[in-house]
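Residue numbers begin at 1 in each chain, while the letters A, B, ... track the order of the sequences. Because the structure is predicted, anything quoted here is derived from the model rather than measured.
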Amino acid sequence: MNILQELEWRGLLMDCTDMPGLAKRLEKGPITLYCGFDPTADSLHVGNLVPLLTLRRFQLCGHLPIALAGGATGLIGDPSGKTTERQLLNRETLTGNIACVKNQLRRLLEFDRPGNPARLHDNADWFAPITFLDFLRDVGKYFTVNMMIAKESVRARMEDREVGISYTEFSYMLLQAYDFCHQCGAFDCELQIGGSDQWGNITAGIDLCRKKLNRQAYGLTVPLITNADGSKFGKSVAGAIWLDPAKTSVYRFYQFWIRTDDRDVIKLLKFFTFLPKEQIDDLAAQHAQKPEARAAHKALAREVTTLIHGEAALADAVRASEILFGGELTGVSEATFNDVAGEVPTKSLDATPLEGAGTPIGDLLVLSGLCQSKGQARKDVEGGGIYLNNTRVEGTHRNVTSADLLFGKHLLLRKGKRNYVVLSR
RNA sequence: GGUAGAAUACCCAAGUGGCCAACGGGGGCAGACUGUAAAUCUGCUGGCUCACGCCUUCGAAGGUUCGAAUCCUUCUUCUACCA
């Protein structure tokens, strides 16, 4: 299977500027390709993973991937897919973000692969020296405003009189076009990939390559993921699922994949894992036959967690999951419990009196952050959704005392099926 | 710049002097059922209180009134039409 067939089978081909042309070009040998990542936060999230893993798929097929960190474009903000003007990030935040993002990019591609090592670029490197006047003369001249306003994300914002679009964001596509053109000239980069919302930016780059360098370049987009239930992929109650374990614990990361909707699980296996076709077909068959075993979900969670966080972290997350979803805590050793405690959010009990009469359960629920207010805590207890040390709390008058401490120092609070907090002293 | 209209809780949206912490829908949370699924059904969805109740909230600030989301004044923002 060549790379295009591979992507096709995985459902990762959304659009291509010139599929036959690209296929022909790939037959001739390795291609250099790039994908950009703007440092909008101090970590990438699971949504960024699809194009990033696609870069890696190309690398595994012998091509030369470039991960581009948007040190310059991040200063501006891509209007694609946004319905409102974005808040500009200040430079300090951006500097921090870019360092974090670069680190993550480094971990997911092979930079010392013999023959086709990956590269990491930062577009600030080539944008910083350019003056505004140079840019207008050397890049701006190749674009008509007519075609720029035809771009979907721009047009939508222009038609919406309530929000509008600033000149800054309007110009974004020129920056990304120049990224492609520059890398095409300087590094022989002939292909750009990205999410389907990047189509306009990519084609702008291809135009610029042709006009300025007289070179043929290609663009390929991967689909944006949609959940079967219509919700936004990669978001949980607490927000995005980040790759940084400090922002999304490995346990939560693992759980995110485990809880994938049945209807999406096979698609996500194809998108997010490197498992070969036979294995995924096999998992699909198992899933169809015995969905309650959730073999596909487990494989998905295992693969992606290992990919991002490694074997050891995966093992911890799996163990914690087994304990937390396994029912009673009786018989769990302190060492095992400590594994669990390391995986779920933890709060200090130091300021809480537990001797004598102890503290009402409601106060602890508020302290833990599981409930917003004491009133909410009471309702949750009344609804039967609160568990202390995995035993359902009956009655709102329950007082928690030092007798409830596990191993003399921990309390395991739970709301609903899967919201855990460990309180420790 | 002129004229008309709008602003309600996470979102949409009803309410046009007391029965309003505010209908309904969405979303969210929880329960039942299950497979840590989907679908379905049930409860909850401003704060404090065991509770009677109290406090804060209907764009902002003032005012009228025994009593205001609701009436008046000013301001802010948005929308429509006109210039």
Side-chain angles (χ1 to χ4, degrees), chain A residues 83-85 157-164 226-233 235-241 248-269 283-302 304-305 314 316-329 340 343-345 357 359-388 390-399 412-421:
Chain A
T83 53
T84 54
E85 183 79 15
R157 291 268 294 273
M158 303 232 323
E159 281 168 4
D160 188 343
R161 298 181 52 172
E162 219 169 311
V163 288
T226 48
N227 286 344
D229 64 7
S231 59
K232 207 167 185 176
F233 175 80
K235 301 276 186 211
S236 72
V237 196
I241 302 294
T248 299
S249 74
V250 179
Y251 167 77
R252 281 225 304 126
F253 188 86
Y254 177 82
Q255 284 290 320
F256 167 77
W257 298 103
I258 280 284
R259 292 201 310 264
T260 299
D261 191 300
D262 279 21
R263 294 167 289 181
D264 293 324
V265 68
I266 300 302
K267 180 175 80 180
L268 297 192
L269 274 168
L283 285 166
Q286 287 184 46
H287 178 63
Q289 203 172 31
K290 224 178 153 205
E292 70 277 12
R294 299 194 338 280
H297 295 78
K298 286 176 186 162
L300 174 66
R302 192 174 57 233
V304 186
T305 307
L314 168 73
D316 290 344
V318 171
R319 202 173 319 128
S321 296
E322 281 168 358
I323 294 163
L324 293 177
F325 289 96
E328 300 259 336
L329 283 178
V340 174
E343 298 292 330
V344 304
T359 300
I361 184 83
D363 291 10
L364 290 176
L365 286 165
V366 175
L367 168 73
S368 69
L370 285 173
C371 300
Q372 292 255 309
S373 65
K374 288 191 208 171
Q376 188 59 48
R378 192 177 327 110
K379 286 168 189 162
D380 286 336
V381 171
E382 281 166 2
I386 299 297
Y387 297 77
L388 173 64
N390 260 5
T391 306
R392 180 179 276 178
V393 174
E394 311 282 354
T396 53
H397 298 292
R398 175 77 154 84
N399 266 28
L412 180 67
L413 276 180
R414 170 179 147 207
K415 184 178 83 153
K417 277 196 179 103
R418 53 187 180 238
N419 305 299
Y420 286 94
V421 171

Counting Watson-Crick and G-U wobble pairs only, both distances under 3.5 Å, name the nucleotide matched with [N], or none.
N: B/rA30; answer: B/rU42
N: B/rG67; answer: none
N: B/rA80; answer: B/rU3
N: B/rA60; answer: B/rU74
N: B/rA51; answer: none
N: B/rG24; answer: B/rC12

For [X], what residues pass the side chain to side chain donor-acceptor pair (under 3.5 Å) criterion, not counting sequence neighbours?
X: A/Gln255; answer: A/Ser321
X: A/Gln286; answer: A/Asp282
X: A/Arg398; answer: A/Asp404
X: A/Asp363; answer: none

For nucleotides 31-38 of chain B, 5' to 3', base contacts (B), sugar-phosphate-only contacts (S) and non-contacts (-) with protein non-hydrogen atoms under 4.0 Å give SSBBBBBS
Whether each nucleotide of nucleotides 42-48 of chain B has a protein heavy atom under 4.0 Å at its base (B), only at its sugar-phosphate (S) or at neither (-) is summarised, 5' to 3', as --SS-SS
Suppose you measure atom [atom1] in [N] against the same atom in [M]; what distance do you get, rounded to whole Å?
N: B/rA68; M: B/rU56; atom1: C1'; answer: 16 Å
N: B/rA60; M: B/rA69; atom1: P; answer: 12 Å
N: B/rU16; M: B/rG59; atom1: P; answer: 15 Å
N: B/rU3; M: B/rC58; atom1: C1'; answer: 27 Å
N: B/rC23; M: B/rA9; atom1: P; answer: 13 Å
N: B/rU34; M: B/rU40; atom1: C1'; answer: 12 Å
N: B/rG27; M: B/rA13; atom1: C1'; answer: 14 Å
N: B/rU77; M: B/rA61; atom1: C1'; answer: 15 Å

All side-chain contact (heavy atoms from CB on, under 4.5 Å) counterparts of [X], not counting sequence neighbours:
X: A/Asp264; value: A/Asn227, A/Ala228, A/Thr260, A/Asp261, A/Lys267, A/Leu268
X: A/Val318; value: A/Tyr254, A/Leu314, A/Glu322
X: A/Ser249; value: A/Tyr251, A/Arg252

- Hey, is the main chain of A/Val265 close enough, under 3.5 Å, to the side chain of A/Arg263 for a donor-acceptor pair?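 No, the answer is negative, given that no donor and acceptor are paired below the 3.5 Å cut-off.
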Q: May I ask you to test the A/Asp262-A/His297 pair for a side-chain heavy-atom distance under 4.5 Å?
A: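 In short, these two side chains touch, coming nearer than 4.5 Å.
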